[in-house]
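Because only heavy atoms are used, hydrogens play no part in the values below, and waters and symmetry mates are left out as well, while side chains stay in. Throughout, protein chains are lettered first and strands after them, A, B, ... in sequence-line order, and every chain is numbered starting at 1.
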2 protein chains.
Amino acid sequence: MVKERVTVVDIARAAGVSKSTVSLVLQGSSLVNEVTRAKVNATIRELGYVYNRSAANLRQSKSKIIGIVVNDLTNSFFAELAVGVDTVVQSAGFVQFLANTSEKIERQREVVASMREHGVSGLIISPARGTEAADLAPLVESGIPVVLVVRDIADAGVSSLTSDNHAGAMAAVRHLIERGHRRIAFLGGFPDTAVFEARMRGYRDALLEAGLDAADGLVIGSAPSRAGGVTAIEQAMMLSERPTAALCFNDAVAFGVCDGLRARRLEPGADFAVIGFDDVIEAKTAVPALTTVSVDPQGMGQRAAELLLKQINAGKAEAESIIGSVRLVVRQSCGAAIERRTREALS
Amino acid sequence: MVKERVTVVDIARAAGVSKSTVSLVLQGSSLVNEVTRAKVNATIRELGYVYNRSAANLRQSKSKIIGIVVNDLTNSFFAELAVGVDTVVQSAGFVQFLANTSEKIERQREVVASMREHGVSGLIISPARGTEAADLAPLVESGIPVVLVVRDIADAGVSSLTSDNHAGAMAAVRHLIERGHRRIAFLGGFPDTAVFEARMRGYRDALLEAGLDAADGLVIGSAPSRAGGVTAIEQAMMLSERPTAALCFNDAVAFGVCDGLRARRLEPGADFAVIGFDDVIEAKTAVPALTTVSVDPQGMGQRAAELLLKQINAGKAEAESIIGSVRLVVRQSCGAAIERRTREALS
DNA sequence: TGACGAATTTGGATCGTTCCAATTATGAAT
DNA sequence: ATTCATAATTGGAACGATCCAAATTCGTCA
């Protein structure tokens, strides 16, 4: 029942060469003769040999693993991010070790420790809420390349890849103002995160720029989820002076806001303008199609992976902070397309 | 710059004990004296020691890794499944190695091979479309415990955990028939999968049972995604005799169908009944809330993980096929709740 | 034929842990 | 003081790959 493990020595014996030669074949060295290589490869297949990475890692004290830890895998933004990372990591001959922290610092500590024990060559982290520079200190001191994505952490001394949340929010609010809206809400998200802070400042700055009042009353936090969007819009509609438009913390919130609007017999787009943030895949196909600030999660994952690989290959690179640009994708949920259609019909 | 790796020997030297004792402490053996243990643990922390799992795995020829491979991580059903697996795997002291195949057989072969090389103790696989028993043969022969989830593969000789797709579909269609619908469509999904087959048979059997015509015309396949749902309902509405209700292949398709309905100024629930399949988190909060057949993805992940752990601990267990039960969750998208409310208002 | 450089091949030594059998310390009982 | 069981500790020998320096083969040219 219990099969004997087939090792390089077994291959060597069966193929009539030394284990060193087999090892050379395994790593595709050009030193070995073509016919020897063929013979070895044949016996490898024949005996059903399985490479033992633990042994190799031990000797080389490095692995071909890169770790990615995300704070919420059930959020499709992060699932897509992970997929983006995977595509480039994979074609560079690494394998991805993906862990989910569910926003829990303690769990994050565990998974990072586990990854270090497995000897990952680098780590891409979308930190859990509340992560501080001190939490990452032992990791960065160890010299393992780390790239932070989505959420940056001040003074952590590692590279990061975030998106230009401030500019994106400003662009969205400017667009709303151009369309004639004056009471614009900012809905959803946890107020104690850097991303919320940046998007909210962008919202506020656009308001100020247009000489509009930027009172706090129209900023309503909530969980950054669909359900959170529902509660946020409900709260917003209780206000004595209701908003006529909203920039949402992310697309999930925006979808929730649309749901909540419909529950009050208001049609998103026509009766109330809503803009999301992220541009997840569903944004395009939803009805009405969601106007949103596109941050391209897959592309972000890819760029993060490229940045990490660069650092791994460079041995030691300076920490660089990249702020990815972002663009407003105007679809239907902000009412623009409908108005255009109306205008065309009139002309 | 390059730090010397701290090993058990360094710890041993610093703590004034032998490396064997340190090893004993590391694995929490009761053989070691309390004060020695404390001393060793102190030096471990002091020197910033990082356990080397590659070395341990090599020696014990086994790892505390379990692998999970899913066919589409951007589908939240599978993301939730993975989260469910993670919770139980983690509390059993294993770490999860998650890979995404994007429905590609070739990629699946690669990730499974990679996992074997890393010496996973077991594997949970949601196979890519078109996977055959032969593809898994080398894996099962190697004696690594494998559990198939979601999609079963005939004669693969491994355990599987699927859900009762046939019964779920029947229950949904029966419900639609009770509500007075006579022209019911089955929308979305790839017709060449076992899951599609089972759900479609359930749909058909319920129709037959009620003496209704089960012609092929109302069965319309598509990609099992939101976008696929949009195209499927469009096709359905082109039919000369339009359906008044639809059972959808999964929730993503159902959401797409709702979108498509709205694009034609039809309100899902009120004007057209739609039922989904899976019960992903958004089903509850969507507007209208989606009536759907609940398969509880997280719970499924948990049960799959438990099944796998049982097999790992048992050494060698018989392959068992578990078919999880499933229940219809009636919400608003099938019109039921609205009618009930109407009835109550009248009474 | 012998010499020489290039192309191939090879035998240890080694990575950091665990396991085993054996040893030493401890303390109670005689 | 001696014996004996128990508790605690310990030195090698693995595990399966890679790496290095050295050895072997080969073809070519003097």
Exercise for review: May I ask you to decide if the ring planes of A:His118 and A:Phe97 are parallel, tilted or perpendicular, using 30° and 60° as cut-offs?
Suggested key: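 Rings of A:His118 and A:Phe97: perpendicular, as their planes differ by over 60°.
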Exercise for review: Determine whether the side chains of A:Asn71 and A:Ser126 contain a donor N or O and an acceptor N or O closer than 3.5 Å.
Suggested key: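 Side chains of A:Asn71 and A:Ser126: pair found under 3.5 Å.
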Exercise for review: Compute whether any side-chain donor of one residue and acceptor of the other, for B:Ser160 and B:Ser321, lie under 3.5 angstrom apart.
Suggested key: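 Yes, because at least one side-chain N or O of B:Ser160 sits under 3.5 Å from a partner of the opposite role on B:Ser321.
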d([atom1], [X]; [atom2], [N]) in whole Å:
| X | N | atom1 | atom2 | answer |
| --- | --- | --- | --- | --- |
| A:Arg53 | D:dT18 | CZ | C1' | 13 Å |
| B:Asp10 | C:dC15 | CG | C1' | 13 Å |
| A:Arg13 | D:dA17 | CZ | P | 12 Å |
| A:Leu26 | D:dC19 | CG | P | 12 Å |
| A:Tyr51 | D:dA17 | OH | C1' | 7 Å |
| B:Glu34 | D:dA7 | CD | C1' | 13 Å |
| A:Asn57 | C:dT17 | CG | C1' | 14 Å |
| A:Lys62 | D:dA17 | NZ | C1' | 13 Å |

So, is [X] near the phosphate of [N], with a side-chain N or O under 4.0 Å from OP1 or OP2?
| X | N | value |
| --- | --- | --- |
| A:Thr21 | C:dT9 | no |
| B:Gln27 | C:dT17 | no |
| B:Ser20 | D:dT9 | no |
| B:Asn52 | C:dT17 | no |

Check every strand shown and say whether [X] touches a base, only sugar-phosphate, or nothing at a heavy-atom separation below 4.0 Å.
| X | result |
| --- | --- |
| A:Thr7 | sugar-phosphate |
| A:Ser54 | nothing |
| A:Val22 | nothing |
| A:Val9 | nothing |

Point to revise | 5′-ward residue of the pair A:Leu24/B:Val6 relative to DNA chain C | key: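 Of the two residues, A:Leu24 wins.
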Check your understanding: Does the distance from a Lys or Arg side-chain N to an Asp or Glu carboxylate O, for B:Asp86 and A:Arg107, drop under 4.0 Å?
Key ->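 So B:Asp86 pairs with A:Arg107 through a salt bridge.
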Check your understanding: Which of these nucleotides, C:dG16, D:dT18, D:dT9, is closest to any side-chain atom of B:Ala55?
Key ->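 Selected nucleotide: C:dG16.
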Check your understanding: Are there more than 12 heavy atoms of other residues, nucleotides or ligands under 6.0 Å from atom CG of A:Leu26?
Key ->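 Buried by this count: over 12 neighbours within 6.0 Å.
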Practice item. Record whether the side chain of A:Arg59 comes under 3.5 Å of the base of D:dT18 through a donor-acceptor pair of N or O atoms. Key: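 Indeed there is one.
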Point to revise | Position toward the 5' end of DNA chain D (nearest nucleotide), B:Leu58 or B:Lys19 | key: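 Nearest nucleotide further toward 5': that of B:Lys19.
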Review point. With nearest nucleotides of DNA chain D determined for B:Gln60 and B:Thr36 from heavy-atom distances, which residue corresponds to the more 5′ nucleotide?
Key: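 Its nucleotide being nearer the 5' end, the pick is B:Thr36.
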Review point. Is there a donor-acceptor pair under 3.5 Å between the side chain of A:Glu103 and the backbone N or O of A:Ala128?
Key: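 Looks like no, no N/O pair under 3.5 Å.
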